[in-house]
Amino acid sequence: MNIDLQLVEGLKTPLYWYDLGLLQSTLDMINDCIKGTPVRVHYAIKANCNPKLLKVIAKAGLGADCVSGREITAAINSGFPAERICYAGVGKTDRELIAGMAKGIGYFNVESIEELETLDELASDYGYKPSVAIRVNPDIDAHTHHYITTGLEENKFGIHLSMLDKAIEFAHKSPNLNLIGLHFHIGSQITIMEPFKILCEKINGLTDKYRKSGIEFKIINVGGGLGIDYEDPDSNPIPDFKTYFDTLLKNLHLSEGQELHCELGRSIVGQCGSVVSQVTYVKQGVGKKFIILDAGMNDLIRPALYGAHHKIQNLSAAGESETELYDVVGPICESADTFGKDERLPKTKRGDIIVIRSAGAYGESMASTYNIRPTAESTLR
Ligand SMILES: *Cc1c(COP(=O)(O)O)cnc(C)c1O
């Protein structure tokens, strides 16, 4: 386990606790895997934009995938080179599009024909020729695999295949835009390779088709989505990047000089973070016991928002052999403020330190101040 009582005892809770050693090992593994390949990895800033983590990731040589103007600013301030930044999002405002051009980002992942027209106009006014990749909604059969069902129902993302010709033609012909790639992102927390293989086949079909009309894409961006092991972070602290990159490289028909871009978020930062909290009460309910933590859904919203489950551990009761079933909840006035139901944990008492594991991605970055709670601080080791 990468966290123990000694490391966190006495620290103010709730707290985001990050293991920089694990983050560095994860980044080293990625760099080892992609050495000598056409793969370029962009870190999806939205997974965790803690500036201290961003600096470590930028230093490892990754690019950045941003989804707002302020994420672009955060990326640049943390040392990501502007030309290694790509910018996706269905609702980029004029102000954000102009800021992206002014900062000289690598390329825009354009998500609609309307956005393409707007960027074209702004680029013409601005006298700058931005590079664009067209974000495609690949319409992979929703029943193919349940992992990507949510990705497909999110129809607001990307340009539908039926409108793709029109978008590509517009971008290709525009004197104000530099069409450089196709972009995809099929979903998140994908732990098997099948959906990525299906994506690769779709991409091959599209690149073949457009090659016939004389359009070559310098960049194929497959997005992110590689999952992590939430139930057993100690056995699998680093995701299987080798299999992931091998799957993409084996199944995609890349042409000479073509770059393969990946936008990984969760798989880079997920396992290096934990939420550390203290037990405020162990409450006897009717037929059940509640562990009430000082951390709540405002600190980690994934269980409430997605029904996600994170491994919960009592660090103070390591030597305790007696166990009990508990519902582990936060202090917030919402029933959804629950981290686990019927969790088997060592006999727990008020004041014990409880950690919620695998909270490095979509924890701190999704924090809110609901109930006027303060934003938890972070500690890096
Ligand atoms: C969120 C997002 C990612 C990262 O997804 P992960 O599941 O964290 O890897 C990548 N690309 C885009 C466009 C995204 O919106």
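As the structure lists them, so they are numbered: ligands from 1, and atoms in each ligand from 1. Values below: every heavy atom of this structure, side chains too, minus hydrogens, waters and symmetry copies.
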Greater than 12 external heavy atoms within 6.0 Å of K52's NZ
no

Show the atoms of ligand 1 that are less than 4.0 angstrom away from any heavy atom in [X].
X: G225; answer: 5 (O), 6 (P), 7 (O), 9 (O)
X: G265; answer: 6 (P), 8 (O), 9 (O)
X: G224; answer: 9 (O), 10 (C)
X: R266; answer: 6 (P), 8 (O), 9 (O)

Which bit of [X] is near ligand 1, meaning a heavy atom under 4.0 Å away: side chain, backbone, both or neither?
X: E263; value: both
X: S188; value: both
X: N109; value: neither

Please determine whether a side-chain nitrogen of the Lys or Arg among K129 and D120 lies less than 4.0 Å from a carboxylate oxygen of the Asp or Glu.
no

In plain terms, say whether K250 and D246 are close enough for a salt bridge, that is, a side-chain N and a carboxylate O under 4.0 Å apart.
no

Heavy-atom contact check, 4.0 Å cutoff: does [X] meet ligand 1?
X: H42; result: no
X: Y362; result: yes
X: A361; result: no

N48-Y362 side chain donor-acceptor pair, cut-off 3.5 Å
no

Give the ring-plane orientation class for Y126 versus Y128, where under 30° counts as parallel, over 60° as perpendicular and anything between as tilted.
perpendicular

Aromatic ring pairing H42/H261, orientation class (parallel under 30°, perpendicular over 60°, tilted between):
tilted

When every non-hydrogen atom of I186 is compared with those of F196, the smallest separation belongs to CD1-CD2, 4.3 Å

Sorted by first residue and then second, give each side-chain hydrogen bond (donor to acceptor under 3.5 Å, both in side chains) pair with at least one member in residues 212-225; sequence neighbours left out.
Y107-N221, R211-E216, N221-E263

Flag [X] as yes when one of its N or O atoms lies below 3.5 Å from any N or O atom of ligand 1, and as no otherwise.
X: R135; answer: no
X: A47; answer: no
X: A44; answer: no
X: S267; answer: no
X: Q189; answer: no

If you scan protein heavy atoms around atom 15 (O) of ligand 1, the nearest is K46 NZ, 2.7 Å

If you look only at distance, which donor and acceptor atoms sit under 3.5 Å apart when one is on a side chain in residues 371-381 and the other is two or more places apart or in another chain?
{"residue": "N371", "atom": "OD1", "partner": "C333", "partner atom": "N", "Å": "3.4"}
{"residue": "R373", "atom": "NE", "partner": "N298", "partner atom": "OD1", "Å": "2.7"}
{"residue": "R373", "atom": "NH2", "partner": "D294", "partner atom": "O", "Å": "3.0"}
{"residue": "R373", "atom": "NH2", "partner": "N298", "partner atom": "OD1", "Å": "3.4"}
{"residue": "R373", "atom": "NH2", "partner": "D299", "partner atom": "OD2", "Å": "2.9"}
{"residue": "S378", "atom": "OG", "partner": "N50", "partner atom": "ND2", "Å": "3.1"}

Would K92 and Y87 count as a cation-pi pair here, with the cationic atom under 6.0 angstrom from the ring centre and within 45° of the axis?
yes

